[in-house]
Amino acid sequence: MRLRRLELTRYGCFTDHNIDFGEPIFGAPDIHIIYGENEAGKSTIFEAYLDLLFGIGPQTPYNFKHPYDTMLIGATLEQNGVRKAFKRVKKQSSLLDEQGLPLSEGALGVFLAGLGRQQCLAMFSLNDESIKKGGDDILASKGETGALLFAASAGLAQFNDKLKGLSEEADQFHKKGG
């Protein structure tokens, strides 16, 4: 799934703000990084994307400028050459087509391919919290994962392979009949 366009019509601090991610360029990496000052709206943009895909929760913190009954997010998604526009409001039957007609939640199924909100959050968002957790996980790991990550970061990957080969050779030497 590719996010082609995100429309923050009435969401959080945004009013009628659109982000166009452009056409993909064949053969080029297709990654978009949103960066900016603290409190610029980066997290709000990502939460809007998640709310579009999975629904706006009952107690959202993003209604401070626009009341619940007026919140509106839109997006154009692409999958295997198919482009489809969706809108999301905060009410029952909240997923809408381009004309504002209700859609079943299954209409997003082709694009989501079974991914849930938490999986999308983990796969497509890198922020201070996730970086810190990843670092803590690396520090807490024992055995090969920590060693491999340390070796890779220190440029010792080839050294580790050589050491493993020597260890295997030594094991063969000390084997009965070796």
Side-chain angles (χ1 to χ4, degrees), residues 1-140:
M1 169 180 62
R2 181 177 193 275
L3 176 61
R4 173 67 174 81
R5 180 177 172 87
L6 184 63
E7 301 163 6
L8 301 158
T9 309
R10 289 182 296 279
Y11 189 89
C13 61
F14 295 102
T15 304
D16 296 325
H17 187 81
N18 299 315
I19 302 170
D20 191 328
F21 293 98
E23 294 289 335
I25 299 169
F26 181 76
D30 192 24
I31 185 170
H32 301 281
I33 299 171
I34 297 175
Y35 66 95
E37 300 279 330
N38 287 342
E39 301 301 318
K42 301 176 299 291
S43 296
T44 302
I45 290 168
F46 190 66
E47 286 296 325
Y49 178 56
L50 292 175
D51 281 353
L52 175 99
L53 295 175
F54 302 104
I56 302 169
Q59 298 294 319
T60 180
Y62 297 102
N63 73 325
F64 55 87
K65 186 173 181 180
H66 305 287
Y68 281 139
D69 60 341
T70 67
M71 292 177 77
L72 178 62
I73 314 159
T76 302
L77 304 176
E78 296 174 339
Q79 178 81 11
N80 298 325
V82 175
R83 191 178 284 182
K84 185 139 174 89
F86 298 95
K87 294 181 182 181
R88 177 79 72 178
V89 294
K90 180 150 176 43
K91 65 178 181 180
Q92 198 162 9
S93 300
S94 65
L95 187 62
L96 310 171
D97 67 10
E98 287 181 90
Q99 289 74 40
L101 299 173
L103 289 172
S104 114
E105 292 294 325
L108 284 169
V110 171
F111 296 97
L112 292 173
L115 286 177
R117 186 181 191 105
Q118 287 307 112
Q119 291 164 315
C120 281
L121 182 64
M123 290 173 65
F124 302 115
S125 176
L126 188 61
N127 58 29
D128 289 344
E129 185 179 322
S130 61
I131 291 170
K132 182 180 180 323
K133 183 183 180 326
D136 290 345
D137 289 349
I138 290 169
L139 289 173

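Values below: all heavy atoms of this structure, side chains included; hydrogens, waters and symmetry mates excluded.
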Gap between atom CG of D30 and atom CZ of F21 - 0.5 Å precision: 10.5 Å

K65 atom NZ: more than 12 heavy-atom contacts under 6.0 Å: yes

At their closest point, which heavy atom of V82 faces which heavy atom of F111, and how far apart are they? O-CE2, 4.1 Å

G100 backbone acceptor or donor facing D97 side chain under 3.5 Å: yes

Does L115 reach the side chain of F124, with side-chain heavy atoms less than 4.5 Å apart? yes

Kindly write out the residues that satisfy salt bridge (charged side-chain N to carboxylate O under 4.0 Å, His left out) with E47, not counting sequence neighbours, or none if the list is empty. R117

Taking all heavy atoms of L50 and all of C120, pick out the closest pair and write down the distance. CD2-CB, 3.8 Å

If a pair satisfies side chain to side chain donor-acceptor pair (under 3.5 Å) and one of its residues is in residues 103-112, list it, with sequence neighbours excluded. R88-E105

Run the side-chain contact (heavy atoms from CB on, under 4.5 Å) test on L6 and N18 for me, step by step, so that the C-alpha distance in whole Å, both residues' side-chain angles and the decisive distance to 0.1 Å come before the verdict. CA-CA 6 Å; L6 184 63; N18 299 315; over 6 Å; no

With a sphere of 6.0 Å drawn around CD of Q99, does it hold more than 12 non-hydrogen atoms of other residues, nucleotides or ligands? yes

Side-chain donor/acceptor of K91 to backbone N/O of Y68, under 3.5 Å: no

Run the side-chain contact (heavy atoms from CB on, under 4.5 Å) test on L77 and L108 for me, step by step, so that the C-alpha distance in whole Å, both residues' side-chain angles and the decisive distance to 0.1 Å come before the verdict. CA-CA 9 Å; L77 304 176; L108 284 169; 3.8 Å; yes

Between R4 and E23, is there a salt bridge with N-O shorter than 4.0 Å? yes

Considering all heavy atoms of both residues, which atom of A48 and which atom of L8 are nearest to each other, and what is their separation? CB-CD2, 3.2 Å

If you look at every heavy atom in I56 and K90, which pair is closest and at what distance? CG2-CD, 3.5 Å

Give me the atom names and distance for the closest heavy-atom approach of V89 to S94. O-CB, 2.8 Å

Is the backbone N or O of M1 less than 3.5 Å from a side-chain atom of Q79, with the two atoms forming a donor-acceptor pair by type? yes

More than 12 heavy atoms of other residues, nucleotides or ligands under 6.0 Å from CD1 of I25: is that the case? no

With F86 as partner, the option from I73, L96, L103, T76 fulfilling side-chain contact (heavy atoms from CB on, under 4.5 Å) is L103

I want to check something: taking the side chain as every heavy atom from C-beta on, are H32 and L3 in contact at a cut-off of under 4.5 Å? no

Looking only at heavy atoms, what is the nearest atom pair of A85 and E98, with distance? CB-CG, 3.1 Å

Apply the side-chain contact (heavy atoms from CB on, under 4.5 Å) test between Y11 and each candidate in D51, L72, T70; give the one that qualifies. D51

Strictly by side chain to side chain donor-acceptor pair (under 3.5 Å), give each pair with a member in residues 106-115 just once, sequence neighbours left out. none

Rounded to the nearest 0.5 Å, what separates atom CG in L121 from atom CZ in F46? 5.5 Å

